[in-house]
Protein chains: 2
Amino acid sequence: MARMVAERSDAIASLAEVFREHGYEGASLALIGKATGLGKGSLYHFFPNGKEEMVRAVLAEIEQWFEDSVYSPLRDGDDADAAITAMLDETAKYFRSGRRVCLVGALAVANTRDLFAQAIRGYFVAWVDALQAALVRQGRDTEQARLLSEDAVLAIQGAIVLSRALDDPAVFQRAIDQLHARLAFNGEMLDNNASGSGSL
Amino acid sequence: MARMVAERSDAIASLAEVFREHGYEGASLALIGKATGLGKGSLYHFFPNGKEEMVRAVLAEIEQWFEDSVYSPLRDGDDADAAITAMLDETAKYFRSGRRVCLVGALAVANTRDLFAQAIRGYFVAWVDALQAALVRQGRDTEQARLLSEDAVLAIQGAIVLSRALDDPAVFQRAIDQLHARLAFNGEMLDNNASGSGSL
DNA sequence: TAAACTCTTGACTGATTGGTACAGTAGCTG
DNA sequence: CAGCTACTGTACCAATCAGTCAAGAGTTTA
């Protein structure tokens, strides 16, 4: 019966964490209530459409964070190379070197995918597009930049899966390091045969 | 009250499909019953420990399939290059070009990870080890082979996530093609200094 | 034929699910 | 001060959950 602190936005970080840890179906209202410190009454006051709306709010916040911290510098930063380096470092930090799951990626392989398909797609489209823009600004061919950026985003997602499966954050870090090498503009440009880049 | 056909093994393919589509928590006994055509009584007759035992049975069958179809040829095939090519093609077929989720990968990012941690880890360790063995037989350095095989397995997992997120199987196929190029032994071996390939 | 075994059914249980309703309480506005 | 809105706790709901069980049906063995 109190008004405690409770702004809607305060809850979102906790919500994100509980959905990451338990998934959409696994995150029960009891669990959510415990994680946020909010009762059902408050939860349904802030999110009248229940869990679905909670996830949408979380996805929106995630998208916003990536937009500000990653996509925007990639698209508009004046130093493309620096923006790419920053993206990899920020990403590694964000995912805690693979110890933290990517909620969007997890939703993409879950049965709930259809419910959030648009948000999921938007997240990845924006990421690939922004990275491609940076690679083009590096002087790369548009098509090669597209493939390379797809490849990079995919590698990050795979690195989360594999490093969790092996319970070894070093796997994630190696993948990031690998991407540093493959995405950097070294001054000496790779020739158009991209396949040879696996020197490590 | 009939004895219909019902061998335990008959159910496993259906079980795998339903766990892939709905995840561990999302696959209710009602859903499982519908998918397998078995009532609760039969399910608990074959799998006395319930869902957990069902998933273990599915994981064992998956592991066995990969062992026979992928790992074993990679480790012991007389033509390493052919085994790698076969692995990529079999894998692409198995995952239906990304339309089908990797159950092991999905479990790895779910909260149920701990329950099946050993099986999940075993699956990926075996995959990476087998691929590494093939790459070494190609004549590559042990350490490079290790990193490259980690990278390939990770890319396949990431390709499933991204192609589902974008709802575009072509993303998966491009990743497989990319791996074909990166894992093939071209006759002209990459030296450890990649810059030397100088086309001009 | 009779007993033994293997499978199947479906009703049942107690717990938990997401969600609703509502009374109540605190803080703000007038 | 009164009245309003914003928030909170809780009792409650129907549905569903995983899992149990006794009774029965079909097959195999003797």
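Letters A, B, ... mirror the listed sequences (proteins, then strands); counts begin at 1.
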Should the ring pair B:Trp127 and B:Tyr71 be called parallel, tilted or perpendicular, given that the plane angle runs from 0 to 90° and is split at 30 and 60? tilted
Output the rounded distance in Å from NE2 (B:His45) to P (C:dC7). 4 Å
Is it true that B:Glu25 and B:Lys51 make a salt bridge, defined as a side-chain N closer than 4.0 Å to a carboxylate O? no
When the distance from CG of A:Leu43 to P of C:dG18 is rounded to whole Å, what number comes out? 11 Å
Ionic contact status for B:Asp151 with B:Arg146, cut-off 4.0 Å: no
B:Tyr44 has its side chain closest, among C:dG19, D:dA18, D:dT8, to D:dA18
Could you tell me whether A:Gly50 contacts a base, only the sugar-phosphate backbone, or nothing, with contacts defined as non-hydrogen atoms closer than 4.0 Å? sugar-phosphate
Please give me every residue in residues 17-34 of chain A whose heavy atoms get under 4.0 Å of an atom in DNA chain D, ordered by residue number. none
Any N or O donor-acceptor pair linking the side chain of A:Lys51 to the base of C:dG18 at under 3.5 Å? no
Is the ring pair B:Phe66/B:Phe95 parallel, tilted or perpendicular, if the boundaries are 30 and 60 degrees? tilted
Could you state the atom-to-atom distance from CG of B:Leu38 to P of C:dT8 in whole Å? 6 Å
Please confirm whether the backbone N or O of A:Ala145 pairs with a side-chain atom of A:Ser149, one donor and one acceptor, at under 3.5 Å? yes
Scan A:Gly39 against the nucleic acid and name what it touches under 4.0 Å (heavy atoms): base, sugar-phosphate only, or nothing. sugar-phosphate
Check whether more than 12 heavy atoms from other residues, nucleotides or ligands sit under 6.0 Å from atom CG of B:Asn49, and answer yes or no. yes
What is the distance from CG of B:Asn49 to P of D:dG19, rounded to the nearest Å? 9 Å
Once you build an axis from the first five pairs and another from the last five of the helix from C:dT1-D:dA30 to C:dG30-D:dC1, how far apart in angle are they, to 10 degrees? 0°
Ignoring the backbone of A:Phe46, work out which of D:dG19, C:dG19, D:dC7 is nearest its side chain. D:dC7
Look at the side chain of B:Arg137 and the backbone N and O of B:Arg75, then say whether any donor-acceptor pair between them is shorter than 3.5 Å. yes
A:Phe47 CZ - C:dG18 C1' separation (whole Å): 16 Å
Would you call A:Glu53 and A:Arg56 a salt bridge, using N to O less than 4.0 angstrom? no
Is there a path of hydrophobic side-chain contacts, each under 4.5 Å between heavy atoms of I, L, V, M, F, W or Y residues, that connects B:Val136 with B:Val153? no
Nucleotide C:dG19, atom C1' - distance to CD of A:Glu52 in whole Å: 14 Å
Interatomic distance where CD belongs to A:Glu7 and P belongs to C:dG27 [whole Å]: 15 Å
Whole Å only: how far is the NZ atom of B:Lys40 from the C1' atom of C:dA11? 10 Å
